[in-house]
Amino acid sequence: MTEEIVIIGGGTGGSVLANDLAERLEAEIDAGDVSVTLINDGPDHVYKPVWLYIPFGLREPEDGRRPLRELVDNRIEIRQGRVTEIDTEAKQLTTSERVSPTHYDHLVVATGSTLAPEEVPGLAEGGHDYYSEAGALALRDELLEFTEGHLVLSVIGSPHMCPAAPLEFVFMTDDWFRKRGLREDIEITYTYPINRVHGNPHIAEWAQPLMDERDINTETFFNGEEVDPESQTLTAMEGSEIDYDLLVSIPPHRGVEMIAEAGLGDRGWVEVDKHTLEAEHADDVYALGDAAATGVPKAGSVAHYQAATVGQRLASEVRGQVATAAYDGKTICFIETGMDAASFVEFDYQNPPSPVSPSEKIHWSKLAYNESYWLTARGLI
Amino acid sequence: MTQLDIEPAKTVDARGAACPGPLMDLIGAIRDVDPGDVVVLLSDSDRSLTDVPEWVEEAGNELRAVEEGDDHHEIYVEKV
Ligand SMILES: Cc1cc2nc3c(=O)[nH]c(=O)nc-3n(C[C@H](O)[C@H](O)[C@H](O)COP(=O)(O)OP(=O)(O)OC[C@H]3O[C@@H](n4cnc5c(N)ncnc54)[C@H](O)[C@@H]3O)c2cc1C
């Protein structure tokens, strides 16, 4: 009988894992002993980091999209459809398009994050974002017309994707308006939920002086609770209030609903063992990337490293061997510090991050990484 | 560790969370629960012992208990 491995989600984690398994289990798949199916709710793989550049006119949404079939090895079955239900007892899936297989022996949940601006009254109407394709395009129109006033970047969601991206956005905006000779008429404020400008103290200590130098106002202990689009004010849980002319937020995030319905974890984040990535509340279910609640950042690099761990473990399991591979918390992030300089951090469960001095070379490395991403997703580098 | 007479509505296990860190995870959970509910944060960062009480005060919530441990700390916060 063929052993069925099903991956839900063809984003960074799901695609890297599919290609990893195609290579590791080549012989088993060719012999018909194992089949690997990737179910995604659209034909394309979407690379979200491109969205940061869209508001500045530097990238187009198409730069972040490729057909999954071009990226994923032919040994992998690709099915287009949205999984709406997981029955972890019967090991059955329900999908919107009735795609097969509906049964799995091993399941991997790689469904990523979704945005939930509706959790904050007024935010959907009053705020902009660059955490979605449509949001980044709408923000581009606003930014191009913005020549004076108060731009507020407010981090509301915690956790949220790519903890570096809010800092990157204000550093890039500052530089972009300076280069266009508009900065004197534009005030920039950055708000953050806790008592410093980034959750990680090392990154916060590094970023705060850069923000001071560039005249970026900071408001900490600020958890946006309500937006009044009429009077253009943002009010925080802590009682403070900010007037804005252009509000850009990192909205609240959630995973997909069926995860909670399947009893796998709250808010669509699957509770997992932080090292093995096995779901805590079901057998033969793994989760990786944004969908897995590991406490590490919701970042593409994390999804990538976790895919390697899950790939090794699944290969061991189908061969009847004890799975020993473990994820060590490894994360790497590039942080843009302007339009032509960037920094870089690397850390894991044991070793804290320590950002290196920004340079033009690192900025080009980030752009080069974004270009070569398509090779990464194909498992080539 | 002493036995606490507090029934948390939610547990946030932020052990090993270097970035964006335990307090960010706690705030996300507090947003989700109802007033009167208690959230317990498990953190292995000593920084949480100062960060969390500071934010709890700022946001007008209530710090119900702090259990310091060698391996990790348990911090109980009630949403007001
Ligand atoms: C603006 C921005 C900038 C970023 N910059 C960086 C960066 O520089 N570096 C970095 O490392 N990370 C960055 N990230 C974060 C990174 O994009 C994500 O962490 C990463 O994409 C997570 O991968 P994933 O596989 O878990 O989820 P995703 O890539 O989001 O993929 C999830 C997939 O699952 C599909 N799906 C969801 N639900 C279902 C369902 N029910 N049925 C079928 N399919 C489903 C989705 O359509 C999607 O294709 C950035 C994110 C943003 C928004």
Side-chain angles (χ1 to χ4, degrees), chain A residues 116 119-120 155-164 166 192-196 198-204 220-225 236-240 252-254 266-267 269 271 274-275 280 293-299 302 327-331 333 345 347-354, chain B residues 7-64 66 69-75 77-80:
Chain A
E119 289 181 8
V120 174
V155 177
I156 297 180
S158 57
H160 64 82
M161 286 179 273
C162 195
Y192 203 71
I194 66 169
N195 56 343
R196 44 180 185 267
H198 192 272
N200 185 276
H202 303 272
I203 298 177
T220 53
F221 272 149
F222 191 100
N223 285 280
E225 200 173 37
M237 225 188 248
E238 291 78 8
S240 38
H253 283 40
R254 313 183 69 99
D266 287 347
R267 285 186 74 88
W269 313 126
E271 278 178 45
K274 286 175 187 176
H275 298 279
E280 299 276 11
T294 47
V296 297
K298 299 200 177 297
V302 167
Y327 171 65
D328 61 1
K330 185 163 180 191
T331 307
C333 286
V345 284
F347 52 94
D348 57 39
Y349 288 141
Q350 305 296 334
N351 304 292
S354 157
Chain B
E7 265 301 308
K10 198 165 185 158
T11 300
V12 176
D13 186 352
R15 288 173 289 184
C19 165
L23 180 53
M24 289 286 279
D25 292 345
L26 174 72
I27 292 174
I30 290 277
R31 275 183 182 275
D32 259 8
V33 298
D34 296 323
D37 282 349
V38 174
V39 176
V40 56
L41 173 73
L42 314 185
S43 169
D44 52 14
S45 161
D46 288 342
R47 198 123 189 173
S48 297
L49 296 174
T50 48
D51 274 5
V52 176
E54 251 188 79
W55 175 73
V56 168
E57 196 185 328
E58 192 82 17
N61 290 315
E62 199 182 328
L63 191 65
R64 291 288 301 276
V66 178
D70 293 338
D71 176 49
H72 71 271
H73 313 301
E74 299 189 1
I75 307 175
V77 178
E78 181 177 330
K79 179 168 175 170
V80 172

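Chain A is the first sequence line, chain B the second, and so forth, proteins listed ahead of strands; every chain is numbered from 1.
Atom CD1 of residue B:I30 and atom CG of residue A:N223 lie 10.5 Å apart, to the nearest 0.5 angstrom. Rounding to the nearest 0.5 angstrom, the gap separating the CZ atom in B:R47 from the CG atom in A:N200 is 9.0 Å. Distance CG/A:N195 to OG1/B:T50: 7.5 Å, rounded to 0.5 Å.
Contacts of A:H275 classified as ring pair (Phe, Tyr, Trp, His ring centres under 6.0 Å), with partners at least two apart in sequence or in another chain: A:Y349.
The greatest number of non-hydrogen atom pairs below 4.5 Å with chain B, out of A:G224, A:P252, A:C333, is found for A:G224. Counting heavy-atom pairs under 4.5 Å between each of A:E119, A:E238, A:H160, A:Q350 and chain B puts A:E238 at the top. Interface check for chain A: of the options B:D44, B:D32, B:N61, the most heavy-atom pairs under 4.5 Å are formed by B:D32. Between chain B and the options A:K298, A:M237, A:R267, heavy-atom pairs under 4.5 Å are most frequent for A:R267.
With a 4.5 Å cut-off on non-hydrogen atoms, A:V120 touches chain B through its side chain but not through its backbone.
Annotation: salt bridge (Lys or Arg N to Asp or Glu O under 4.0 Å) contacts involving residues 49-62 of chain B, sequence neighbours excluded, comprise A:R196-B:D51.
Closest approach of A:K274 to B:D13, counting heavy atoms only: NZ-O, 3.4 Å. Of all heavy-atom pairs spanning B:I27 and A:P193, the tightest one is CD1-O, 3.8 Å.
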